[in-house]
Amino acid sequence: MGYLKNELAGFVPKAQANDIIKMVTRGSSILRMSKVEEMTSDTKKFNVLAQGPGAYWVGEGERILTSGAQWIHPVIEAKKLAVIIPITKEKLDDSTIDVFNELKPEIAEAFYRSIDSACLFGTDSPFATNIMKSISDSGMIITDNANIDIAMSDTMALIEENGYDPSGFVGRIGVKNMLRKLRDANGAPAYVNGTSGEELYGKAIEFVRNGAWDNSSADIITGEWKYSIVGIRSGITYEILKEATLQGTLDTDGKPLSLAEQDMAAVKATMRLGFLVVKDDAFAAFKNGVPSLGSLNVVSEAGESGKSVITVSPAPIGGYSLVYKTAASTAPSVTYDQDLSAWTPISNGSSITATSGNKITVAIVNGQGKARRAGSTDIVSGV
């Protein structure tokens, strides 16, 4: 049996390390929802089918057509995640197994809180991607405080219109009361807390209970979670610290904990994992709040004679579309939820007949023609 004072660094005993990983998985919503891959090195390449090959009806004796599949090859890179837990020096006289048996809950809690906050919201994250960044960059968020049931359905529709199937939800714990009041088209509760787990519209929902949720960003996130990948390298290492000053740990006097001055030690436990959002448009979010008109960047470029090519960003998604209106001097104004069904439809990147120097306002509208985003610019037409 090894004692901690004789083994000041190394791997956490396998049984204890496995228990910690299991506790991390139970405590982390992102790990329970995402696709988890084992990593045998610090990087791992994935082959993801971006566009599949087609199939063709073939008559007797006809040549079979072929079409290529388009693949992307994202690489996930494992990063180091560490936690430092102060202990008394007397603990150094205990066996390594006993110490880590006792510290398992503290280590696991620190790990899964950091994992969820980094992967969901990018908080103190070493990763290039996170779920909320993908949602924000794609404009895949619905804000409403009146028709929550419709807004939740619209959030799912954003993903479905992109060709994905929402496989579940992740939400903050405080939205449960709002969900309990939701009803489907038949008047039955849309949120069910049953014996097999909690479900929303027939899909599993996880509530982040570990303090990692960013309330200012969203209330519920949904998506096809197989496109959220977590890579975990096996093994957890540890190191015993005796002389460090723990800047992030304050003592009762408000000063950083000094191990040497206070005759203490600390265990630094380290695990490695990677995170990658493979497809940004496979995720969307709902925020319970007062909706407001979103901004739209509108660009007018000269086309053929008397024509202007109009492009916007972000492009409309889901069941949303573009409409426009021109004016000679002042760009038409738009308010949130304004009915723009009388405006002229336009496709992103198409040309219109317009006079240079006039104004144009382009809006993104929902299926009922109600404004959700808008922007204006001066028209530039070809001569």
Is it true that [X] and [Y] have a side-chain N and a carboxylate O under 4.0 angstrom from each other?
{"X": "Lys359", "Y": "Asp378", "result": "yes"}
{"X": "Glu198", "Y": "Lys176", "result": "yes"}
{"X": "Arg233", "Y": "Asp42", "result": "yes"}
{"X": "Arg372", "Y": "Asp337", "result": "yes"}
{"X": "Arg113", "Y": "Glu109", "result": "yes"}
{"X": "Lys104", "Y": "Glu106", "result": "no"}
{"X": "Glu38", "Y": "Lys44", "result": "no"}

Rounded distance [0.5 Å steps], [atom1] in [X] versus [atom2] in [Y]:
{"X": "Asp281", "Y": "Glu224", "atom1": "CG", "atom2": "CD", "result": "10.5 Å"}
{"X": "Glu77", "Y": "Arg272", "atom1": "CD", "atom2": "CZ", "result": "9.5 Å"}
{"X": "Ile20", "Y": "Phe100", "atom1": "CD1", "atom2": "CZ", "result": "7.0 Å"}
{"X": "Leu259", "Y": "Ile84", "atom1": "CG", "atom2": "CD1", "result": "8.5 Å"}
{"X": "Ile135", "Y": "Ser217", "atom1": "CD1", "atom2": "OG", "result": "9.5 Å"}
{"X": "Glu7", "Y": "Leu92", "atom1": "CD", "atom2": "CG", "result": "12.0 Å"}

Shortest non-hydrogen separation from [X] to [Y] and the atoms involved:
{"X": "Thr143", "Y": "Tyr336", "result": "O-OH, 4.0 Å"}
{"X": "Ile220", "Y": "Trp213", "result": "N-CZ2, 4.0 Å"}
{"X": "Phe286", "Y": "Met178", "result": "CE2-CE, 3.7 Å"}
{"X": "Val24", "Y": "Tyr112", "result": "O-CB, 3.6 Å"}
{"X": "Ile310", "Y": "Val298", "result": "CG2-CG1, 4.1 Å"}
{"X": "Leu293", "Y": "Val334", "result": "CD2-O, 3.4 Å"}

Residue pair [X] / [Y], side-chain heavy-atom distance below 4.5 Å:
{"X": "Leu200", "Y": "Leu182", "value": "yes"}
{"X": "Met39", "Y": "Ile76", "value": "yes"}
{"X": "Ser34", "Y": "Ile229", "value": "no"}
{"X": "Tyr324", "Y": "Leu340", "value": "no"}
{"X": "Asn297", "Y": "Thr311", "value": "no"}
{"X": "Lys242", "Y": "Leu8", "value": "yes"}
{"X": "Ile352", "Y": "Ile360", "value": "yes"}
{"X": "Met271", "Y": "Ile21", "value": "yes"}

Keeping [X] on the side-chain end and [Y] on the backbone end, is there a donor-acceptor pair under 3.5 Å?
{"X": "Asn366", "Y": "Gln368", "result": "yes"}
{"X": "Arg209", "Y": "Glu206", "result": "no"}
{"X": "Thr361", "Y": "Pro332", "result": "yes"}
{"X": "Ser347", "Y": "Ser350", "result": "no"}
{"X": "Ser356", "Y": "Ser381", "result": "yes"}
{"X": "Ser138", "Y": "Met140", "result": "no"}
{"X": "Asn348", "Y": "Val312", "result": "yes"}
{"X": "Arg373", "Y": "Ser295", "result": "yes"}
{"X": "Glu102", "Y": "Val99", "result": "no"}

Q: Assess whether salt bridge (Lys or Arg N to Asp or Glu O under 4.0 Å) is satisfied between Lys5 and Asp93, documenting all intermediate values.
A: CA-CA 6 Å; Lys5 63 182 179 182; Asp93 293 326; 3.5 Å; yes

Give the cluster check for [X] versus [Y]: same hydrophobic cluster or not, with ILVMFWY residues linked at side-chain heavy-atom distances below 4.5 Å.
{"X": "Leu241", "Y": "Met264", "value": "yes"}
{"X": "Ile115", "Y": "Val230", "value": "yes"}
{"X": "Leu158", "Y": "Leu322", "value": "yes"}
{"X": "Val299", "Y": "Leu296", "value": "no"}
{"X": "Phe111", "Y": "Ile85", "value": "yes"}

Would you say [Y] and [X] are linked by a side-chain donor-acceptor pair, where the criterion is simply a distance under 3.5 Å?
{"X": "Asn210", "Y": "Asp116", "result": "yes"}
{"X": "Ser308", "Y": "Ser300", "result": "yes"}
{"X": "Tyr227", "Y": "Asp280", "result": "no"}
{"X": "Asn358", "Y": "Thr326", "result": "no"}

Q) Can you list the steps and then say if Thr335 with Gln338 is a side-chain contact (heavy atoms from CB on, under 4.5 Å)? A) CA-CA 6 Å; Thr335 57; Gln338 181 179 343; 3.5 Å; yes

(Q) Before you tell me yes or no, could you show the steps for Ile30 and Phe275 under side-chain contact (heavy atoms from CB on, under 4.5 Å), namely the whole-Å CA-CA distance, both residues' side-chain angles and the distance that decides it to 0.1 Å? (A) CA-CA 10 Å; Ile30 198 75; Phe275 179 72; 4.2 Å; yes

For residues 165-172, please give each side-chain donor-acceptor pair under 3.5 Å, one per line with the distance, not counting sequence neighbours.
residue, atom, partner, partner atom, Å
Ser167, OG, Gly223, O, 3.2
Ser167, OG, Trp225, N, 3.0
Arg172, NE, Asp219, OD1, 2.4
Arg172, NH2, Asp219, OD1, 3.1

Q. Does a sphere of radius 6.0 Å around NZ in Lys203 hold more than 12 heavy atoms from other residues, nucleotides or ligands, not counting ones at 6.0 Å or beyond?
A. yes

Q: Show your reasoning for whether side-chain contact (heavy atoms from CB on, under 4.5 Å) applies to Thr222 and Thr155.
A: CA-CA 8 Å; Thr222 186; Thr155 304; 3.9 Å; yes

Q: Under 4.5 Å between side-chain heavy atoms, chaining through other members, with only Ile, Leu, Val, Met, Phe, Trp and Tyr counted: pull out the rest of the cluster around Met23, sorted by chain and number.
A: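 Besides Met23, the hydrophobic cluster comprises nothing; the residue is isolated.
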
Scan the side chains in residues 119-131 for donor-acceptor partners under 3.5 Å anywhere in the protein, sequence neighbours excluded, and list what turns up.
residue, atom, partner, partner atom, Å
Ser125, OG, Phe127, N, 3.0
Thr129, OG1, Val277, N, 3.1
Asn130, OD1, Met132, N, 3.2
Asn130, OD1, Lys133, N, 2.7

Q: For side-chain contact (heavy atoms from CB on, under 4.5 Å), just list the numbers for Val365 and Ser321, CA-CA rounded to whole Å, side-chain angles, deciding distance to a tenth of an Å, and then say yes or no.
A: CA-CA 6 Å; Val365 297; Ser321 58; 3.6 Å; yes

Q) Do Tyr201 and Tyr191 have their ring centres less than 6.0 Å from each other? A)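 No.
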
